[in-house]
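Any value given below was found using the heavy atoms of this structure, including those in side chains, with hydrogens, waters and symmetry copies removed. In what follows, every chain begins at residue 1, and chains take the letters A, B, ... in the order their sequences are listed.
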Number of protein chains: 2
Amino acid sequence: MTTQLILLDDHVLFLEGLNSILSGEIGIEILATAKNGLELLQLLEQGHKPDIIISDIRMPIMDGIVITKMFKTKYPSISIIALTMLDQESDVIEMLDAGAKGYIVKNADKKELIEAINMVAQGKYYLSPRFAAIYEEWVTKKQVSIGTQLTRRERQILELLVRGKSSLQMAKQLHLSRFTIDTHRKNIHKKLGIRNNIALVRHAQKWLDIRE
Amino acid sequence: MTTQLILLDDHVLFLEGLNSILSGEIGIEILATAKNGLELLQLLEQGHKPDIIISDIRMPIMDGIVITKMFKTKYPSISIIALTMLDQESDVIEMLDAGAKGYIVKNADKKELIEAINMVAQGKYYLSPRFAAIYEEWVTKKQVSIGTQLTRRERQILELLVRGKSSLQMAKQLHLSRFTIDTHRKNIHKKLGIRNNIALVRHAQKWLDIRE
DNA sequence: TGCAATTTACCCCAAATGATGTATTATGAA
DNA sequence: TTCATAATACATCATTTGGGGTAAATTGCA
């Protein structure tokens, strides 16, 4: 029984490399490759039915997380393995939350990739060893819910943060203690798995649709 | 006459993919691959004499720019082709200054890569067509920058800041003192009349078209 | 009504940033 | 070659942020 794949990555060289690596493998068949989410959707509409899609997370037009979320409802039978450079931990959590079945770093080797494909093909999950720890920690801390599950106050403070307000400024504006603001700010950090305000602002802009 | 290569990239999957793509080509021989600068140096000390090294720019231990600069004096007969994600414009400029003979984006395809190898093997230069566009854009931005007279270093640091890097992280990445980074950052503040990093990031996104 | 979640407020301490300087070494253009 | 600009590096000191807590009052909803 062969596992049928579609590969998705905006870096063509990487895509071709991956194709070259995998196409020699027994039990694996590359149906097609796509450079972006739109190409991927076209392939599926053309009737391709892969078992697994291996997708980069960070892509310009439609990123892996968006795609994964969409697939969860539109193509629930197709599993997704996420590929990443890993320079941002929170990506891991978001991707898994979005419904990815596997998570691999680009620092991994062919062997690990094939293992991941086989695991996921069997309906199991595969997490790059590096991430197991991160995810474990996340779960045990009961920080399972992310993103949209900020409380009203937290969201308000995040909005002010995005506008460049300091804790003290917010405290004055909201007639609260600066300690309170700090508590909220740090709770937001924890919930989102982000450890500085700049990353927080960018996350808010990208995912929470908080702008100005 | 075959062109002998060593490949250098910290992302093993990419490295293996590249190897897989190129090793089938006539006229090209892969002598070895290396995951970081140290491995590369060891290979050379062991007597490998490649014509060309294809190297990623961004790497943790010793980045492509450092390597290229070093090779210019220590192994002047070896040409270097730089590979990049091109998520940071200023890398292009730096790499060019450092003395790379070729410049390819990872969005390129196999055909372009091989063309680049052949060009460089013949002693010519090869620049990815995208590079031309980026370079053009970069130059015009530099000239048109009336409201935003940031120097090239300042712009580079602002780009990193937008990506959420701290002063210390930038210092490591750019091989500079953290004091230097701070000086630049504070000079940017003054020039733009902005008093904190978050406002700076938003200004950069809005007015300077610096994103990710 | 009762209990969980939220909001508020504080502690300590480390690290990073912001403000204001000085100063030396490249570098590039006139 | 000179001279301005850019890039580098550091000092000092105040403020802000980040990470780890604790704990009260309030709110909302089952």
Problem - Distance, rounded to the nearest Å, where B:Leu158 contributes CG and D:dA7 contributes P - result: 13 Å
Fill in the blank from the handout: note: B:Asp182, atom CG; D:dT15, atom C1'; distance rounded to Å ~ 14 Å
Exercise for the section: Take the C1' atoms of the five end pairs on each side of the helix from C:dT1-D:dA30 to C:dA30-D:dT1, derive the two axes, and give their angle rounded to 10 degrees. Expected result: 60°
Tabulated below should be each protein N or O lying under 3.5 Å from an N or O of nucleotides 7-13 of chain C; please produce it.
from	atom 1	to	atom 2	distance (Å)
C:dT7	OP1	A:Arg153	N	3.4
C:dT7	OP2	A:Thr151	OG1	2.3
C:dT8	OP1	A:Arg153	NE	3.2
C:dT8	OP1	A:Arg153	NH2	2.6
C:dT8	OP2	A:Arg153	NE	2.7
C:dT8	OP2	A:His184	NE2	3.2
C:dA9	OP2	A:Ser177	N	2.8
C:dA9	OP2	A:Thr180	OG1	2.9
C:dA9	O5'	A:Thr180	OG1	3.3
C:dA9	N7	A:Thr183	OG1	3.4
C:dC10	OP2	A:Ser177	OG	2.7
C:dC10	N4	A:Thr183	OG1	3.0

Handout entry: CA sep, side-chain torsions, deciding dist, call: A:Leu160, A:Ile181, side chain to side chain contact (heavy atoms under 4.5 Å, CB included)
Key = CA-CA 11 Å; A:Leu160 291 171; A:Ile181 304 294; over 6 Å; no
Exercise for the section: Starting from P on C:dT17, measure out to CG on B:Leu168 and report it in whole angstrom. Expected result: 9 Å
Practice task
Check whether the side chains of A:His189 and A:Asn196 place a donor and an acceptor atom closer than 3.5 Å, and report yes or no.
Solution key: no
Exercise for the section: Among D:dG18, C:dT17, C:dG18, find the nucleotide with the atom closest to the side chain of A:Arg185. Expected result: D:dG18
Practice task
Given side chain to side chain contact (heavy atoms under 4.5 Å, CB included), test B:Ile104 with A:Leu13 step by step and report yes or no.
Solution key: CA-CA 10 Å; B:Ile104 300 237; A:Leu13 265 183; 4.3 Å; yes
Practice task
Could you state the atom-to-atom distance from CD1 of A:Ile198 to P of C:dA16 in whole Å?
Solution key: 13 Å
Fill in the blank from the handout: Minimal heavy-atom distance between B:Ala34 and B:Leu43, with the atoms involved, is CB-CD1, 4.0 Å
Handout entry: Donor-acceptor under 3.5 Å (A:Asp9 side chain, A:Leu15 main chain)
Key = no
Completion exercise
By ring-ring contact (aromatic ring centres under 6.0 Å, His included), B:Phe179 pairs with (sequence neighbours left out) none
Practice task
Rounded to the nearest angstrom, tell me the gap between atom NZ in A:Lys190 and atom C1' in D:dG19.
Solution key: 8 Å
Problem - Under 4.0 angstrom between A:Asn197 side-chain N/O and D:dG18 OP1 or OP2 - result: yes
Practice task
Please step through side chain to side chain contact (heavy atoms under 4.5 Å, CB included) for the pair B:Val201 and B:Leu158, ending with a clear verdict.
Solution key: CA-CA 8 Å; B:Val201 164; B:Leu158 183 50; 5.9 Å; no
Exercise for the section: Whole angstrom is fine here: how far is it from CD1 in A:Ile194 over to C1' in D:dT17? Expected result: 15 Å
Problem - B:Pro50: which of B:Leu7, B:Thr3, B:Ile30, B:Ile6 passes side-chain contact (heavy atoms from CB on, under 4.5 Å) - result: B:Ile6
